[in-house]
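A quick write-up on the structure given underneath.
Please read these numbers as outputs of a predicted model, since none were measured by experiment. Positions are given from 1 along the sequence. In listed order, ligands and their atoms are each counted from 1.
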Amino acid sequence: MDFDSSYSLTVGGKARSGSDELAVVNPATGRVFATCPAAGAAELDAAVAAARAAFPAWRSVSFEARAACIARLADAIKENVEPLARLLTQEQGKPLLQAREEVGRAGTLSIGMTQIRIEPEVLVDDAQRHIELHYVPLGVVAVITPWNAPINLAIGPMTSALYTGNCIVLKPSPFTPLCTLRIGELMRDIFPPGVVNVLAGGDELGALMSAHPGIDKISFTGSVATGKKVMASASGSLKRVTLELGGNDAAIVLEDVDVAEVAKKVFFAATVNSGQVCMAIKRVYVHEKIYDAFCTALAAEARSAKLGSGLEATTVLGPIQNQRQYERVRGFIDDIRKGPGRILAGAEQPSGEGYFVAPLVVAEPGESSRIVVEEQFGPVIPVMKFRDVDDALRRANDTRFGLSGSVWGKDVARATSIAAQLEVGTAWVNQHRATLATVPFGGAKESGLGRTYSIIGLRGNMEARVVSVLKS
Ligand code: NAD
């Protein structure tokens with residue numbers, strides 16, 4: 001069953017219309033399939049005022065009571081997995097199976113974070129003094145999300161902020177506003193009015209949020225370039241920021257792997273959601289002893305992956321989410337054609353309706369080529385050869401990105417010691433793209449600032465307050 005086709009903003013616990021409208025395109029067809037309201041400055045001011053008004057009561061609610069609200073939200077999402085997943089596939093493009101997984105994880109992640117306790121810490125307790133460290137909510141947190149995983153990337157920052165006693169104003173990408181607006185509707189009966197406000201809107205609304213004096217923190221997920229703008233604009237009122245930005249994850253494949261098995265896993269981690277994942281594998285470094293065999297196996301995976309509308313059961317790769325990104329990915333492919341690399345799969349690209357890109361594997365495109373240096377955010381996989389591990393590590397770390405990376409090898413101790421030298425927020429061994437509610441996730445270098453999930457992510461929504469008592 002699908003939802004009905006009307007959408008509204010959520011402000012102060014109620015439906016609100018916008019001052020403008022967004023047309024939402026289904027990337028499998030390239031045509032508009034829905035419209036929704038868009039907020040401007042007036043709706044933002046109303047949402048911030050509602051959030052500020054709700055804050056004094058919400059901050060006083062116990063962690064347990066806040067966790068209970070979040071559990072009810074998780075139940076509401078669970079009851080709506082199918083319509084949310086279908087809507088997600090229509091607005092985002094990903095195959096239905098991946099959409100169901102994203103919706104399902106929203107519940108697990110949010111509940112997972114509410115299992116974490118935040119207690120005052122006693123720092124000093126001696127004859128003279130008793131000093132405690134308390135953590136208190138910041139106030140109003142703005143959550144700004146991108147279009148590649150709109151539900152997943154809203155749920156983490158949103159539930160972290162709410163569980164720790166903050167009120168929120170949530171803004172999805174203008175390319176994928178619909179699921180987020182629906183989740184806002186589901187939250188109206190669960191949270192006190194004003195605690196949760198959801199506004200769809202364009203990039204200019206995001207800019208207004210980062211500059212708004214009534215907002216205390218920005219939890220931003222998106223590109224490095226926009227993250228820098230958010231940080232600059234947040235500095236006006238010294239807002240706190242958590243920035244979850246782009247990546248250019250390397251996978252280092254050692255000579256002792258089972259080639260067929262690891263090629264399959266690397267292919268999946270590079271092309272899930274058509275490569276539009278911050279922590280997708282974006283560069284593959286393979287030991288020279290297995291290089292040719294690995295390239296052949298990866299190319300075979302690429303040739304057998306079925307491309308199509310995400311609503312079709314057999315689809316493995318859906319379309320690129322929007323025309324701008326489609327043109328960008330096609331630009332990478334044009335550059336690859338002009339460069340020294342050998343295209344092993346994906347030389348033929350589809351034409352016709354929808355933003356489809358067939359998975360492309362390119363061998364040795366050149367270490368300074370755009371496909372190696374930049375974040376492609378599409379199903380285009382560059383595969384480079386290495387002889388010694390120090391060289392592979394140097395090349396993997398030779399980037400301003402630092403989100404995550406992985407090392408693949410049968411000798412787990414050796415692979416682990418290599419992985420620990422990756423300059424990233426998360427280094428995986430024999431896996432990629434695995435996150436948990438209790439484990440911090442975020443970027444080193446220009447891939448971000450701060451962490452989501454875990455006690456570190458929760459404390460990112462709080463101020464540390466020292467309470468120091470002189471004993472008589
Ligand atoms: P984007 O930066 O263009 O947009 C992200 C959000 O920011 C959107 O809601 C947009 O409307 C808003 N925005 C745009 N300009 C703004 C401004 N000046 N001030 C405030 N907000 C503004 O990113 P995108 O193209 O939607 O997403 C793709 C990028 O996101 C990729 O680089 C990807 O790697 C990254 N990403 C990172 C993570 C992570 O956890 N590290 C997760 C997913 C995606």
Side-chain angles (χ1 to χ4, degrees), residues 22 27 38-39 44 91-92 94 102 109 142-157 160 169-177 179-181 198-212 215 217-236 239 241-249 272-282 320-329 374-378 399-405 424-426 433 435 439-453 457 460:
L22 285 173
L44 175 61
E91 68 173 337
Q92 203 282 331
K94 65 184 61 180
E102 178 170 340
L109 286 172
V143 178
I144 302 177
T145 60
W147 44 257
N148 61 319
I151 297 183
N152 210 346
L153 297 168
I155 279 291
S160 296
V169 181
L170 166 63
K171 186 196 96 66
S173 163
F175 293 114
T176 52
C179 285
T180 313
L181 289 175
V198 183
L199 303 178
D203 294 354
E204 62 293 342
L205 181 66
L208 288 175
M209 290 165 90
S210 357
H212 201 291
I215 290 176
K217 176 184 173 171
I218 308 283
S219 259
F220 173 82
T221 308
S223 62
V224 173
T226 311
K228 288 178 180 175
K229 285 188 202 161
V230 167
M231 193 164 168
S233 142
S235 72
K239 285 182 186 57
V241 289
T242 297
L243 304 175
E244 294 285 354
L245 308 179
N248 194 6
D249 286 16
V272 60
N273 194 17
S274 294
Q276 302 165 112
V277 178
C278 55
M279 54 179 143
I281 292 177
K282 293 174 182 142
I320 295 295
Q321 199 280 324
N322 59 71
Q323 189 174 3
R324 186 182 70 187
Q325 182 61 16
Y326 170 75
E327 281 163 10
R328 194 174 134 73
V329 176
E374 294 180 27
E375 179 186 42
Q376 64 274 50
F377 225 55
T399 167
R400 286 305 303 151
F401 291 102
L403 192 57
S404 32
V424 292
T426 304
R433 210 181 67 95
T435 54
V439 176
F441 181 79
K445 300 180 181 174
E446 291 189 16
S447 284
L449 198 67
R451 295 291 182 267
T452 308
Y453 307 129

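For Ser210, every heavy-atom contact with ligand 1 shorter than 4.0 Å involves the side chain, none the backbone. Residue-level proximity to ligand 1 for Met209 is absent, since no heavy atom of it falls below 4.0 angstrom. Under 4.0 Å from ligand 1, the heavy atoms of Ile144 that appear belong solely to its side chain. Counting heavy atoms under 4.0 Å from ligand 1, residue Arg324 touches it through the side chain alone. Contact annotation: for Phe220 versus ligand 1, heavy atoms closer than 4.0 Å belong to the side chain alone. Contact annotation for Pro172 and ligand 1: only backbone heavy atoms (N, CA, C, O) come within less than 4.0 Å of the ligand. By the criterion of a heavy-atom distance under 4.0 Å, neither the backbone nor the side chain of Thr452 is placed next to ligand 1. Contacts of Val230 with ligand 1, taken as heavy-atom pairs under 4.0 Å, involve the side chain alone.
Summarising the contacts of atom 1 (P) of ligand 1 with Cys278, Ser223, Ala225, the nearest heavy atom is found in Ser223. Nearest-heavy-atom check against atom 19 (N) of ligand 1 across Gly227, Gly156, Ala207 picks out Ala207. In this comparison of Leu245, Leu153, Thr242, the heavy atom closest to atom 41 (N) of ligand 1 sits on Leu245.
Set against the non-hydrogen atoms of Phe441, the atoms of ligand 1 under 4.0 Å away are 40 (O). Close approach of ligand 1 to Pro174 (heavy-atom distance below 4.0 Å) involves ligand atoms 11 (O). Shown in contact with Thr221 at under 4.0 Å from a heavy atom are these atoms of ligand 1, numbered in order with element: 5 (C), 37 (C), 38 (C), 39 (C), 40 (O), 42 (C), 43 (C).
Side-chain atoms of Lys445 come within 3.5 Å of backbone atoms of Thr399 as a donor-acceptor pair (strictly under, hydrogens ignored). Side-chain N or O atoms of Arg451 include one that pairs as donor or acceptor with a backbone N or O of Gly443 at under 3.5 Å. Listed for the Glu446 side chain is no donor-acceptor partner under 3.5 Å among the backbone atoms of Gly402. Side-chain atoms of Gln276 come within 3.5 Å of backbone N or O of Asn273 as a donor-acceptor pair.
Between Gly222 and ligand 1, at least one pair of N/O atoms sits closer than 3.5 Å. At least one N or O atom of Thr226, backbone or side chain, sits closer than 3.5 Å to an N or O atom of ligand 1. For ligand 1, the polar-atom distance check finds no N/O of Lys229 at less than 3.5 Å from any of the ligand's N/O atoms. At least one N or O atom of Glu375 sits closer than 3.5 Å to an N or O atom of ligand 1. Between Lys282 and ligand 1, not a single N/O pair is under 3.5 Å apart. Polar contact with ligand 1: present for Trp147 (N/O pair, distance under 3.5 Å).
In this structure, Ser210 and Lys239 have side chains that are not in contact, with every pair of non-hydrogen atoms separated by 4.5 Å or more. Looking at Gln325 and Phe175, their side chains never come closer than 4.5 Å, going by heavy atoms from C-beta outward. Looking at heavy atoms from C-beta onward, Glu102 lies out of side-chain contact with Gln92 at the 4.5 angstrom threshold. The closest side-chain heavy-atom distance from Ser274 to Gln321 is not below 4.5 Å. Side-chain contact between Phe441 and Glu244 is present, with heavy atoms from C-beta onward closer than 4.5 Å.
With Ser404 as the fixed residue, the side chain to side chain contact (heavy atoms under 4.5 Å, CB included) test singles out one of Ile281, Thr435, Asp249: Asp249. Screening Val143, Ile218, Leu170, Thr145 for a side chain to side chain contact (heavy atoms under 4.5 Å, CB included) involving Pro157 leaves a single residue, Val143.
Residues Val272 and Val277 come closest through the heavy atom pair O-CG2, 3.5 Å. The two atoms that bring Leu403 and Leu245 nearest to each other are CD2-O, 4.0 Å, heavy atoms only.
Ligand 1 does not have Gly448 within reach: every non-hydrogen atom of the residue lies 4.0 Å or more from it. Between Gly443 and ligand 1 there is no heavy-atom distance shorter than 4.0 Å. Residue contact annotation: Phe175 has no non-hydrogen atom under 4.0 Å from ligand 1.
Screening residues 145-156 for salt bridge (charged side-chain N to carboxylate O under 4.0 Å, His left out) gives no qualifying pairs among residues at least two apart or on separate chains.
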